[in-house]
Amino acid sequence: MRVAETLGLLPYVTAFALAVVPDKPNIVMILTDDQDMLLGGASSEPLPRVANMFATEGVTFTNHFVHTPVCCPSRAEVLTGRYFHNLHWDPPAGRWDAPDGVHGRQCMHIDTEKLSPGPTFAQHLAEVGYKVLYVGKYLNISPLQAPTGAHTYFVNPGPSAHSALDSSGEYYPEYWLHITPTFNGTFNFTDLPQGSRYETAFIGNVTTKWFKEYATQGPFMAYIAPHAPHGAAIPAPWYETQFPNASAPVTPSYNYSGVDHHWLVAQQPPVHNIEVVAGNQKYQDRWRCLLSVDDLIMSLRSTLEDLGVLQSTYMMYSSDHAFHFHELRLGVGKWNVYDVDTHVHLHVTGPGVRAGLVLPVVTSHVDFAPTWLGLAGIKTPSDTMDGRSFVSALVDPTDPLVPPSVLRHIHEEEAQLLSSTNRSNGTAYIEYHGLQDFVGDAYRRMDSLNNTYRGVRVITGDNEAEIRIDAEGNVVGNYLFAEFGGDYLFKTVVFEELYNCNNDPWQMHNIVNATDSVILNKLRSTVHNLWQCGGDNCR
């Protein structure tokens, strides 16, 4: 530990407070489910206190993107720091065109055995003395054994805690799986009053109890994953009448016919009025669910402050992916390559974090695990993580409250970034393997097997008005490029899309056919290289 001397002015007295700075910080991650950003889901209306707290005390990352816009893969990527292609389930007999769901050892094309017993961030943190808590939604299939390195594993495994069923979660789950060093079992909460077992509130109570027991015993990492506002979006009883007049915003691409897009978009019919009404109801319920997330985060912050550990704790808040409401005439949901599904909020507070700063640096969900390890002073594994730490962008090393482990990592990280060769700065890599052909409300096609794509979302620092090749041979600008394959092997690229997001932020006008072939070939090469990368050669 080191001691930081901080000056505080009290009434009529000048006082010096000696703050004990631990060698390693605590880390708290709150990951919601399906929470949009571009449509108001991360605004101060559903999050009145949380939005203000992060705006005044923390850093806001304005260009944070998910790697895969659907639940199970995105969560797996957060937990491991790996790209989708390095977690993909290899189907028997090479059936790469086979549909997928949630069953057996695969979860939306993810091989769950690559996470449990495979390594996640918890294993690395536990090795340097962290107690790691998982609470809430782990994957859509929750392993019945705690991940390696977990101190406490308290997850909602779905209707039955006796088999690895779909745990996409319920707002009033019957069972929770609870594993600690001294206990391994399940709890049935059906006898509790309804409000007491509302999932978001219950997660807050479980986490608060855990904090009070362990938060002062050394460094800890808490991974907190409420189900809200996913799926049916059932609000807590005390919030079910809020926002009676809220409605999904009519964005430029709302009900827009994208005839020059991939066929899944191009064939969509106009949005029916019945869909508008149902969508507005869902929008209201999602905001009502987020009021409980607001309560959860503020309660956890208050507990950490009462325990005297807030000043040595990094709090991060994001979502597994975003969500759309009939943009490009798509059915209400996710699954697509466009910003409305992939661009999510990221807020951070903690020692050395520059309060009120807005950072345009491009980051990705695969960067979370390397960042958490970096805060603990652990070098990013060269072969088992694909993302890269963003601690240097986040933390001011001159702040006396920054723990030594963070300072050590910043020096290592800066050297690593200088040697980065494959994923250039300003680039987020995106990939998705279509789950299945299915139709949603009003017979609208929601996803398909050949809604399978790989692409890059690029926002370079100079924010070029046009897409061009710079002196170093990189394609710079503010753009989205994607290739669609007939199957996940991409033996044949069947369609391409390119959008200049400076003048087309809602990605309505595909300019791929009007773009110079030299630029397109460079983009194709970049995407292909990232699709094949692993470990250090992804960075």
**Student:** Could you tell me whether the side chain of Glu327 and the main chain of Ser253 form a donor-acceptor pair under 3.5 Å?
**Tutor:** no
**Student:** So, Asn451 versus Trp263: side-chain donor-acceptor pair below 3.5 Å or not?
**Tutor:** no
**Student:** Tell me if the centroids of the rings in Phe325 and Tyr283 come within less than 6.0 Å of each other.
**Tutor:** yes
**Student:** For Tyr153 and Tyr138, I'd like to know if the aromatic rings sit close, meaning centre-to-centre distance below 6.0 Å.
**Tutor:** yes
**Student:** Considering non-hydrogen atoms only, spot the tightest contact between Leu290 and Gly41 and give its length.
**Tutor:** CD1-O, 3.2 Å
**Student:** Tell me the closest heavy-atom pair linking Arg286 and Gln35, and the distance in Å.
**Tutor:** NH2-CA, 3.9 Å
**Student:** Tell me if the NZ atom of Lys522 is crowded by more than 12 foreign heavy atoms within 6.0 Å.
**Tutor:** no
**Student:** List the atom of Leu498, the atom of Asn510, and the distance in Å for their closest heavy-atom pair.
**Tutor:** N-OD1, 2.9 Å
**Student:** Does the side chain to side chain contact (heavy atoms under 4.5 Å, CB included) test come out yes or no for Asn478 and Arg457, once each step is laid out?
**Tutor:** CA-CA 8 Å; Asn478 179 2; Arg457 183 66 175 91; 2.8 Å; yes
**Student:** Okay, side chain of Asn86, backbone of Cys533: is any donor-acceptor separation there less than 3.5 Å?
**Tutor:** yes
**Student:** Taking the side chain as everything from C-beta on, heavy atoms only, tell me whether Asp34 gets closer than 4.5 Å to Lys334.
**Tutor:** yes
**Student:** So, Gln268 side chain and Leu330 main chain: donor-acceptor pair closer than 3.5 Å or not?
**Tutor:** no
**Student:** Please determine, by modelled atom types, if Trp506 and Thr251 share a side-chain donor-acceptor pair under 3.5 angstrom.
**Tutor:** no
**Student:** Checking Thr492 side chain against Val494 main chain: does a donor-acceptor pair fall under 3.5 Å?
**Tutor:** no
**Student:** Say you draw a straight line from CG of Asp447 to CG of Asn336; how long is it, rounded to the nearest 0.5 Å?
**Tutor:** 7.5 Å
**Student:** Would you say the side chain of Val361 lies within less than 4.5 Å of the side chain of Asn63, judging by non-hydrogen atoms?
**Tutor:** no
**Student:** Carefully, step by step, assess His345 and Tyr317 under the rule ring-ring contact (aromatic ring centres under 6.0 Å, His included).
**Tutor:** CA-CA 8 Å; His345 61 282; Tyr317 172 39; 4.5 Å; yes
**Student:** To the nearest 0.5 Å, how far apart are CD in Glu275 and NZ in Lys282?
**Tutor:** 13.0 Å
**Student:** What is the distance from atom SG of Cys72 to atom CE of Met108, rounded to the nearest 0.5 Å?
**Tutor:** 6.0 Å
**Student:** Do side-chain atoms of Tyr171 reach the backbone of Cys289 as a donor and acceptor pair under 3.5 angstrom?
**Tutor:** no
**Student:** Rounded to the nearest 0.5 Å, what separation is found between the CD1 atom of Ile203 and the OG atom of Ser292?
**Tutor:** 10.5 Å
**Student:** Do His261 and Phe484 come within less than 4.5 Å of each other through their side chains, counting heavy atoms only?
**Tutor:** no
**Student:** For this output row, return yes or no: ring centroids of Trp335 and Tyr432 closer than 6.0 angstrom.
**Tutor:** no
**Student:** Please find the pair of heavy atoms, one from His262 and one from Phe495, that lie closest to each other, and give the distance.
**Tutor:** N-CE2, 3.2 Å
**Student:** Under 3.5 Å, is there a donor-acceptor pair between the Thr452 and Asn450 side chains?
**Tutor:** no
**Student:** Hydrogens and angles aside, do Ser364 and His67 bring a side-chain donor and acceptor to less than 3.5 Å of each other?
**Tutor:** no
**Student:** Can you run down the salt bridge (charged side-chain N to carboxylate O under 4.0 Å, His left out) pairs that involve residues 55-78, sequence neighbours left out, and say none if there aren't any?
**Tutor:** Asp33-Arg75, Glu57-Arg301, Arg75-Asp320
**Student:** Ring centres of Tyr134 and Phe121 under 6.0 Å apart?
**Tutor:** yes
**Student:** Asn500 and Asp504: side-chain donor and acceptor closer than 3.5 Å?
**Tutor:** no
**Student:** Could you tell me if the ring centre of Phe390 sits under 6.0 Å from that of Phe61?
**Tutor:** yes
**Student:** Locate the shortest heavy-atom distance separating Val66 from Ser74; write the atom from each residue and the value.
**Tutor:** CB-OG, 4.4 Å
**Student:** For Val493, check side chain to side chain contact (heavy atoms under 4.5 Å, CB included) against everything at least two apart and list the hits.
**Tutor:** Arg454, Glu483, Glu496
**Student:** Going by atom types only, do His88 and His433 share a side-chain donor-acceptor pair under 3.5 Å?
**Tutor:** yes
**Student:** Please round to the nearest 0.5 Å and tell me the distance separating atom SG of Cys501 and atom NE2 of His343.
**Tutor:** 10.5 Å
**Student:** Can you see whether Thr60 engages His347 through a side-chain donor-acceptor pair at a distance of less than 3.5 angstrom?
**Tutor:** yes
**Student:** Evaluate the side-chain proximity of Met53 to Ile297: yes if any heavy-atom separation is below 4.5 Å, no if none is.
**Tutor:** yes
**Student:** Going by heavy atoms in the side chains, are Lys114 and Thr80 under 4.5 Å from each other?
**Tutor:** no
**Student:** Side chains of Gln532 and Tyr83 only: does a donor on one sit below 3.5 Å from an acceptor on the other?
**Tutor:** no
**Student:** Check whether Tyr256 forms a cation-pi arrangement with Arg329 (NZ or CZ under 6.0 Å from the six-membered ring centre, at most 45° off the ring normal).
**Tutor:** no
**Student:** Roughly how far, to the nearest 0.5 Å, is the OG1 atom of Thr342 from the CD1 atom of Ile430?
**Tutor:** 4.5 Å
**Student:** Please determine whether side chain to side chain contact (heavy atoms under 4.5 Å, CB included) holds for the pair Asp339 and Gln507, giving the CA-CA distance in whole Å, both sets of side-chain angles, and the decisive distance to 0.1 Å.
**Tutor:** CA-CA 8 Å; Asp339 282 11; Gln507 290 133 12; 3.0 Å; yes
**Student:** Verify, without hydrogens or angle tests, whether Ser43 (side chain) and Gly40 (backbone) share a donor-acceptor contact under 3.5 angstrom.
**Tutor:** yes
**Student:** Apply side chain to side chain contact (heavy atoms under 4.5 Å, CB included) to residues Leu79 and Leu139 and explain how you reach the verdict.
**Tutor:** CA-CA 10 Å; Leu79 293 166; Leu139 298 176; 4.1 Å; yes
**Student:** When you check the gap from the basic side-chain N to the acidic O, do Arg288 and Asp285 get nearer than 4.0 Å?
**Tutor:** yes
**Student:** Can you name the nearest heavy-atom pair linking Val293 to Ala228, along with the distance?
**Tutor:** CG2-CB, 3.9 Å
**Student:** Do we see a donor-acceptor contact under 3.5 Å between the side chains of Asp341 and His324?
**Tutor:** yes
**Student:** Can you confirm whether the side chains of Glu497 and Tyr453 place a donor and an acceptor under 3.5 Å from each other?
**Tutor:** no
**Student:** Could you note down all residue pairs passing salt bridge (charged side-chain N to carboxylate O under 4.0 Å, His left out) where residues 44-56 supplies at least one of them, sequence neighbours left out?
**Tutor:** Arg49-Asp294, Arg49-Asp295
**Student:** Would you say the rings of His365 and His321 are close, in the sense that their centroids are separated by under 6.0 Å?
**Tutor:** no
**Student:** Under 4.5 Å between any side-chain heavy atoms of Leu346 and Thr363, yes or no?
**Tutor:** yes
**Student:** Is the shortest heavy-atom distance from the side chain of Phe84 to the side chain of Tyr488 under 4.5 Å?
**Tutor:** yes
**Student:** Output, in order, the C-alpha distance, side-chain angles, deciding distance and verdict of side chain to side chain contact (heavy atoms under 4.5 Å, CB included) for Val527 and Phe481.
**Tutor:** CA-CA 9 Å; Val527 167; Phe481 173 75; 3.8 Å; yes
**Student:** Do the side chain of Thr32 and the main chain of Ser318 share a donor and acceptor less than 3.5 angstrom apart?
**Tutor:** yes
**Student:** Would you check if Trp238 and Leu291 make a side-chain contact, meaning some heavy-atom pair closer than 4.5 Å?
**Tutor:** no
